[in-house]
A.B. asks: 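Below are the C-alpha cells for one structure; questions will follow.
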2 protein chains.
Amino acid sequence: MSAARAPLPRPDPPGRRRSAAGAPVPDKRRLILDAAVRVFARQGFHACRVSDIADEAGVAYGLVYHYFASKDEVLNTLFLERWNVMLEHIREVDAKPLPVREKLAAIAAFIIDSYRHDPDLMKVIIVEVTRAANSFGQTHLAEIRTAYELIGGIVAKAQADGDFKDEIEARFAAMAFYGTIEQLLTGWIFGLLPQGAEEFERAKWLVVETVCGGLEHGGEGARRSREGPAGAHQHARGGAAK
Amino acid sequence: MSAARAPLPRPDPPGRRRSAAGAPVPDKRRLILDAAVRVFARQGFHACRVSDIADEAGVAYGLVYHYFASKDEVLNTLFLERWNVMLEHIREVDAKPLPVREKLAAIAAFIIDSYRHDPDLMKVIIVEVTRAANSFGQTHLAEIRTAYELIGGIVAKAQADGDFKDEIEARFAAMAFYGTIEQLLTGWIFGLLPQGAEEFERAKWLVVETVCGGLEHGGEGARRSREGPAGAHQHARGGAAK
DNA sequence: GACGCTCCTGACTGATCAGTCAATCTATCG
DNA sequence: CGATAGATTGACTGATCAGTCAGGAGCGTC
C-alpha cells in the first residue's frame with residue numbers, strides 16, 4: 001500500500017520533536033528501519049520475527065505496528081527508499097552530456113558505492129526483493145523495470161550516436177550491464193569474491209570495460225577506455241591489483 | 001542431509017516396480033518432485049504448504065515425508081539434480097578442444113535450453129536457491145562456487161592462449177558471463193523480456209557476443225561473430241592477437 | 001498363515017508468530 | 001489544570017503449518 005512515505009534515504013522528518021538542548025530526539029521510525037536492515041540481512045526476511053526487529057531497535061513490539069502496517073511494509077519501505085534514490089541518480093546521469101562509458105561508469109559506481117556504504121541494505125534489496133519473484137519482486141516490478149528501461153535508453157542513445165554497435169538490442173544490453181553488477185554484489189554478499197576499497201574501485205572499471213569493450217582484444221574499445229575523456233579517474237590503482 | 005539421492009535428471013530408480021503389462025508404475029517420488037516444481041514456481045517455497053505439494057501430486061500428505069525428510073529436502077533435491085547436470089555439462093564442454101566462444105556458447109545454450117524446457121524448475125532454482133543467500137544459498141554455496149570456477153577456468157585458459165585480454169580477471173569475467181545469463185532468465189521469469197523460440201536462440205548468441213565482443217564497435221570480435229546466432233563456427237585460433 | 005518389508009494414508013499435535021488492543025505515558029496548548 | 005492527540009508498551013489471540021504417528025494395504029517368503 002502506501003509504503004513510500006519516505007522517498008529519500010534517511011530523510012529527516014519535518015517538524016521532528018527535539019529535546020530541550022536542540023538535539024534531535026531519536027526517530028523511532030528510523031530506528032526500526034535501520035534495525036530491520038540488520039535483522040533482515042542477518043536472518044533473512046522470512047526467518048526473522050517481528051519481535052527480532054523490535055528487540056534490535058530497542059523498542060516495544062507494538063511500536064513496529066504503530067509505524068508500519070505489516071512486516072511486509074517495513075521491507076517495502078526499505079526497498080523503495082533506496083531504489084528511488086538510484087532511479088533519480090540514473091536520470092540525472094542520463095541528462096548530462098557525457099560519453100556512454102562515463103554514464104555507465106557513474107551508474108556502476110553508484111550501485112557499488114551503495115553496497116560499500118551499506119552492504120546490509122543492498123543485501124536485503126537484492127536477496128529479498130530484486131530476485132524474490134514471488135512476493136516482493138512482483139510488487140515492485142514496475143520500479144525494477146524502470147531501472148532497466150533507463151539503462152536501456154542510455155544504450156539506445158549511444159547506438160543512435162554510433163558509439164555502440166546496433167546488433168545487440170539496447171534492452172538486452174541493459175540486462176547484461178545490470179546483471180553483471182548484481183552478480184558482482186552477489187559474489188561479495190556470498191563471500192565468493194574478495195572485498196575491499198581496492199576491489200570496489202576496480203570493479204567499477206571492470207564492469208564498464210567488460211560490457212563495453214568485451215573480453216576479447218579490442219581495437220578502439222580498449223584504447224578509448226585507456227584515456228578517459230574526463231581524465232578524472234585512474235582505474236588500475238597502485239600496482240598489485242590481483 | 002542426503003539430498004542427492006538422484007544425481008541425474010529424472011533418473012529411473014533401479015528395480016522400479018512394474019505393472020503386469022510391463023509399463024512402469026508411476027514413481028510417486030518423482031511425482032512429488034515434479035509437483036513441487038510447479039507449486040514452488042507458482043507460490044514460492046515459503047508461501048506454499050507441504051499439503052499443496054501433496055495435493056498437486058495427488059498423493060497423501062504423509063507420503064512426502066516418506067520420501068523426503070523435510071520440505072527443505074525437496075527443494076535441495078530439485079536443485080542438486082539440475083545443478084549437477086549443469087556442472088557435468090560444463091566439464092564436458094571444457095574438456096573439448098573448442099575455441100572459447102564456442103565453449104561459452106555451449107554453456108549459455110545449455111542454461112537457456114534448460115529454461116526453455118522447464119521454466120518452472122529454472123525459476124525455482126534461481127529464485128529460491130541461487131539468490132536466496134540466507135537459507136539455501138548458504139547450503140549450496142560450494143556447488144554454486146564450482147560453476148563460477150569452472151567458467152573462470154575456461155576464461156583463464158583463453159587468456160593464456162592469447163584469445164582474451166588479460167586486464168579483466170578470469171574470476172570477474174565468469175561473474176559477468178553468468179550474471180548476464182541469470183539476468184536474462186530473470187527477465188523472462190518476471191515477464192520483462194519477450195519469450196519464444198526465436199528469442200531463446202538469439203539470446204544464446206547475444207550473451208556470447210556481448211561478453212566477448214562488447215557493446216562497442218569491435219574489430220575482430222564483431223567481424224568474427226558476424227556469422228550470426230545460428231552457426232558461428234568461425235574462430236581463427238591463434239589469429240591476430242594483440 | 002504369519003512374519004516382515006515397503007508403500008501409503010490422513011488426522012492430529014505442538015510450536016510458532018503476525019497482528020491486535022487496552023492501557024499508560026508524554027507533550028502541547030488553551 | 002484538563003483535555004486532546006500522538007507515542008509507546010507488551011500480553012494476548014487466532015491461525016497456520018511442519019512434522020509425527022498409528023495404522024492399513026499389498027506382496028514376497030519361510
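Naming convention: chains lettered A, B, ... in sequence-line order (proteins, then strands); numbering from 1 in each chain. What you see below is based on every heavy atom in this structure, not just the backbone, and it leaves out hydrogens, waters and symmetry mates.
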A.B. asks: How are the rings of Phe200(A) and Tyr115(A) set to each other: parallel, tilted or perpendicular (split at 30° and 60°)?
C.D. replies: perpendicular
A.B. asks: Roughly, in whole Å, what's the span from CG in Leu31(B) to P in dC8(C)?
C.D. replies: 10 Å
A.B. asks: Name all residues meeting the side-chain contact (heavy atoms from CB on, under 4.5 Å) criterion together with Glu56(A); count only those two or more places apart in sequence or in a different chain, and write none if there are none.
C.D. replies: Ala35(A), Arg38(A), Val39(A), Arg42(A)
A.B. asks: Would you mind reading off the distance between Asp55(A) atom CG and dG10(D) atom C1', rounded to a whole angstrom?
C.D. replies: 11 Å
A.B. asks: Rounded to the nearest angstrom, tell me the gap between atom CD1 in Ile53(A) and atom C1' in dG10(D).
C.D. replies: 16 Å
A.B. asks: Tell me whether the side-chain N/O atoms of Lys28(B) come closer than 4.0 Å to OP1 or OP2 in dC7(C).
C.D. replies: no
A.B. asks: Which nucleotide sits closest to the side chain of Tyr67(B): dT9(C), dT8(D), dC8(C)?
C.D. replies: dC8(C)
A.B. asks: Rounded to whole Å, how long is the line connecting atom CD1 of Ile32(A) with atom P of dG19(C)?
C.D. replies: 14 Å
A.B. asks: Give the rounded distance in Å between these two atoms: OH of Tyr65(A) and C1' of dA22(C).
C.D. replies: 18 Å
A.B. asks: Output side-chain donor-acceptor pairs under 3.5 Å for residues 149-156 of chain B, partner residues at least two apart or in another chain, one line each.
C.D. replies:
none

A.B. asks: If I take atom CG in residue Asp27(A) and atom C1' in nucleotide dG6(D), what distance separates them, rounded to the nearest angstrom?
C.D. replies: 14 Å
A.B. asks: For Phe79(B), which residues count as a ring pair (Phe, Tyr, Trp, His ring centres under 6.0 Å) partner, sequence neighbours excluded?
C.D. replies: Trp83(B), His140(B)
A.B. asks: My understanding is that only residues two or more places apart in sequence, or in another chain, count here; which of them pass side-chain contact (heavy atoms from CB on, under 4.5 Å) with Glu199(B)?
C.D. replies: Pro194(B)
A.B. asks: Restricting to pairs with a member in residues 179-191 of chain A, which pass side-chain hydrogen bond (donor to acceptor under 3.5 Å, both in side chains), not counting sequence neighbours?
C.D. replies: Arg131(A)-Glu182(A), Tyr178(A)-Glu182(A), Gln183(A)-Arg131(B), Gln183(A)-Tyr148(B), Thr186(A)-Arg131(B)
A.B. asks: With the sugar-phosphate defined as primed atoms, P, OP1 and OP2, and the base as all remaining atoms, what B/S/- string results for nucleotides 12-17 of chain C, 5' to 3', for protein heavy atoms under 4.0 Å?
C.D. replies: -----S
A.B. asks: Taking atom P of dA18(D) as reference, at what distance in whole Å does atom CG of Leu63(B) sit?
C.D. replies: 16 Å
A.B. asks: In whole angstroms, how far is the C1' atom of dC25(C) from the NE2 atom of His66(A)?
C.D. replies: 13 Å
